[in-house]
Amino acid sequence: MNEILSRFCPRIDFDSYEDFFENYKCNAPEDFNFAYDVADAWAELQPEKKALIRTDDTNSVKSHSFAEIKRMSDKAANALLALGVTKGDVVMLILKQRPEVWILMCALSKIGAVCIPGTYQLTAKDLEYRCKIADVKLLIAVDDRELLDNIAATLSNCNKPEKAAVVGDKIPEGFIDMRAEIERASESFTRIPSSINDPMLIYFSSGTTGMPKMVLHNHSLPLGHIVTAKYWHCAEDNSIHLTHTDSGWAKFAWGKIYGQWICGAAIGAYDTEKFTPKGMLDAIMRIKPDSFCAPATVFRYLIKEDLSGYDFSFIRHTSVAGEPLSPEVYNKFRELTGLEIREGFGQSETSVMAAAFKWLPVKPGSMGKPAPLFDLKLLDENGEICDEGITGNMSIRRAGKNMYETELESGSEGQSRIPLTGPSDFPGLFRGYWKDREVTEKSWNNGIYKTGDMAWMDDDGYLWFVGRNDDVIKCSGYRIGPFEVESALMEHPSVLECAVTAASDSMRGQIVKATIVLARGFTASDELIRELQDHVKKSTAPYKYPRIIEFVPELPKTISGKIQRNLIRKKDQGTGNK
């Protein structure tokens with residue numbers, strides 16, 4: 001039996017989805033701290049147990065044990081304290097997938113500081129906004145020249161962060177050498193008391209309007225990801241799990257540290273400067289993960305490669321999240337590899353909320369069924385539960401109180417530091433949008449958290465994604481979900497990938513636009529546009545066909561591969577596209 005997992009879950013094995021949904025429980029100790037109670041606990045029980053298996057573009061592969069993670073995170077905690085970082089202080093990490101990501105996230109947890117992961121694509125303007133609003137005390141980044149130039153510009157424009165450090169070989173003037181600070185620090189570290197309700201992690205989550213929101217999690221988040229790792233990723237003790245994502249995204253918390261380590265799995269990491277399908281395939285061959293998770297974009301590219309020379313027999317489970325996977329990609333990947341791709345759904349604000357869990361037959365294109373603990377329902381505009389087949393807002397009922405309601409009860413409103421927040425009803429649910437009471441109460445009040453994601457449920461209880469409530473296209477009285485049009489387009493051999501968005505129209509209000517990247521061997525033409533439009537009319541309801549089709553060399557994406565439809569909309573608005 002997995003001794004660590006059993007400390008939090010009184011029952012681990014289940015006979016069916018129904019058994020799992022009804023009987024899964026998670027104990028959340030009041031003083032739970034992931035770094036001490038999971039990473040350090042494994043180091044004590046099995047010092048040489050593999051925690052991290054990392055490769056990069058040099059093709060080298062290196063393993064790190066839990067004993068090494070404990071020793072280095074103790075040193076890093078002492079180094080942070082020496083730099084003036086204490087409990088409640090905010091530290092931003094922009095470290096790609098260097099080993100220091102895992103070391104420093106554990107170190108920050110140990111001293112009670114709050115971690116903000118960031119992507120290396122952030123501009124000087126992005127950094128300045130984040131550092132100011134979050135009151136960042138220390139920023140630690142990789143030695144990427146453009147990134148360090150942006151950080152230097154931020155330091156010259158404002159007094160946040162107070163200090164900046166670099167992980168790497170090239171340390172510019174005015175920056176701290178973080179590796180040197182860690183190396184000279186003591187290995188002796190004594191546990192600092194903490195509460196599961198202490199703030200632990202902030203993710204910046206961008207919407208279609210306004211500045212990015214700060215998603216605040218407390219120390220219950222790792223426990224929420226037990227369901228993510230154990231029952232969706234199917235991470236097992238002494239296995240290897242590889243999720244493709246940069247450390248700056250919430251998918252990292254989902255697939256590259258918390259639930260996987262609780263389950264006793266080693267993390268596979270591919271630290272690449274630029275994604276290529278061949279690079280990903282070769283990294284998989286070096287790491288040899290038992291389970292693999294990636295955004296739909298990665299699978300779309302992989303099926304276009306010649307996979308005949310690759311042996312995937314070591315992989316027993318694959319999964320997808322971040323955006324829906326079209327049935328066409330699912331079916332092609334299964335044909336080429338024999339592997340099913342099991343979809344999951346969640347947000348930066350949550351752990352996995354719904355998934356094609358291992359007991360369930362896969363319905364290609366469906367996100368599966370609701371996870372236990374979250375009281376997930378589809379609600380209409382009046383807050384009533386939707387009937388089968390009716391689109392509603394995916395919502396968590398009885399979500400408890402958000403941080404601002406707790407603030408009012410405790411009298412802590414107006415404190416300059418992040419307030420301590422009351423316990424959540426379910427581990428893994430965020431506490432609110434820090435410094436944004438209005439947005440928090442709009443999405444989370446009266447014990448209900450409305451995700452803003454729209455879906456419908458079939459008569460078997462499976463959920464089908466429609467789109468963000470601000471992505472749904474309202475055309476001549478019809479409501480059209482982008483994903484169903486994208487799925488129809490992906491069936492055509494000319495389409496490598498696509499994004500469907502709303503374009504303004506003076507007569508219809510909005511019309512459907514498809515932005516398409518063509519597969520090799522196809523050329524953009526008016527004839528191909530008509531062919532694609534006719535294909536959609538035959539594959540789904542005719543009124544959903546894209547009246548505008550634009551061919552582009554690539555789609556805007558996040559580092560983790562998620563298509564940024566909001567950037568397409570902004571571009572269209574700027575050019576007056578009708």
Practice problem: Examine distances only and state if a side-chain atom of T318 and a backbone atom of E340 form a donor-acceptor pair shorter than 3.5 Å. | Solution: yes
Self-check item: Heavy-atom closest pair, residues M105 and C115
Solution: CG-SG, 4.2 Å
Quiz prompt | Which atom of S494 lies closest to which atom of L528, heavy atoms considered | solution = OG-CD1, 3.9 Å
Quiz item: For R11, what residues pass the side-chain hydrogen bond (donor to acceptor under 3.5 Å, both in side chains) criterion, not counting sequence neighbours?
Solution: D19
Quiz prompt | Heavy-atom closest contact (H233 atom, S319 atom, distance) | solution = CD2-OG, 3.3 Å
Quiz item: Is the distance between the ring centroids of F357 and F21 under 6.0 Å?
Solution: no
Quiz item: Does D460 pair with K363 as a salt bridge, N-O distance under 4.0 Å?
Solution: yes
Practice problem: Please round to the nearest 0.5 Å and tell me the distance separating atom CZ of F34 and atom NE2 of H219. | Solution: 12.0 Å
Practice problem: Please examine the side chains of Y24 and C9, heavy atoms only from C-beta on, and report whether any two atoms are closer than 4.5 Å. | Solution: yes
Quiz prompt | Pairing residues for E527 by the salt bridge (charged side-chain N to carboxylate O under 4.0 Å, His left out) criterion, not counting sequence neighbours | solution = none
Quiz prompt | Polar side chain donor-acceptor pair, T297 to R300, under 3.5 angstrom | solution = yes
Practice problem: List in chain and number order the residues that pass side chain to side chain contact (heavy atoms under 4.5 Å, CB included) with V439, two or more places apart in sequence or in another chain; answer none if no residue qualifies. | Solution: K213, Y433, D436
Quiz item: Below 4.5 Å, heavy atoms only, C-beta onward: do P29 and F8 meet side chain to side chain?
Solution: yes
Self-check item: Donor + acceptor pair across side chains of S239, H241 (<3.5 Å)
Solution: no
Quiz item: In Å, rounded to the nearest 0.5 Å, how long is the span from CG of D246 to OG1 of T119?
Solution: 4.5 Å
Exercise. Measure the spacing between OH of Y545 and OG of S539 and express it to the nearest 0.5 Å.
Key: 15.0 Å
Quiz prompt | Approximate separation, where rounding is to 0.5 Å, of K369 NZ and Y17 OH | solution = 6.0 Å
Quiz prompt | Heavy-atom donor-acceptor pair, S487 side chain to F483 backbone, under 3.5 Å | solution = yes
Quiz item: Can you tell me if T451 uses its side chain to pair, donor with acceptor, with the backbone of M394 under 3.5 Å?
Solution: yes
Quiz prompt | Qualifying residues under salt bridge (charged side-chain N to carboxylate O under 4.0 Å, His left out), relative to D534, sequence neighbours excluded | solution = none
Self-check item: salt bridge (charged side-chain N to carboxylate O under 4.0 Å, His left out) involving K377 - partner list, sequence neighbours excluded
Solution: none
Quiz item: With under 30° as parallel and over 60° as perpendicular, where do the rings of F14 and W359 fit, or are they tilted in between?
Solution: perpendicular
Practice problem: Could you pull out all residues at least two apart from D380 that satisfy salt bridge (charged side-chain N to carboxylate O under 4.0 Å, His left out)? | Solution: none
Quiz item: What distance separates D453 CG from M353 CE, expressed to the nearest 0.5 Å?
Solution: 8.0 Å
Quiz item: How are the rings of Y258 and H225 set to each other: parallel, tilted or perpendicular (split at 30° and 60°)?
Solution: parallel
Practice problem: Could you tell me which non-hydrogen atom of S395 sits nearest to which non-hydrogen atom of I448, and how far apart they are? | Solution: CB-CG2, 4.2 Å
Quiz item: When you look at V552 and V517, which way does the side-chain contact (heavy atoms from CB on, under 4.5 Å) test go after all the steps?
Solution: CA-CA 5 Å; V552 296; V517 178; 4.0 Å; yes
Quiz prompt | E349 versus Y203, side-chain donor and acceptor atoms under 3.5 Å | solution = no
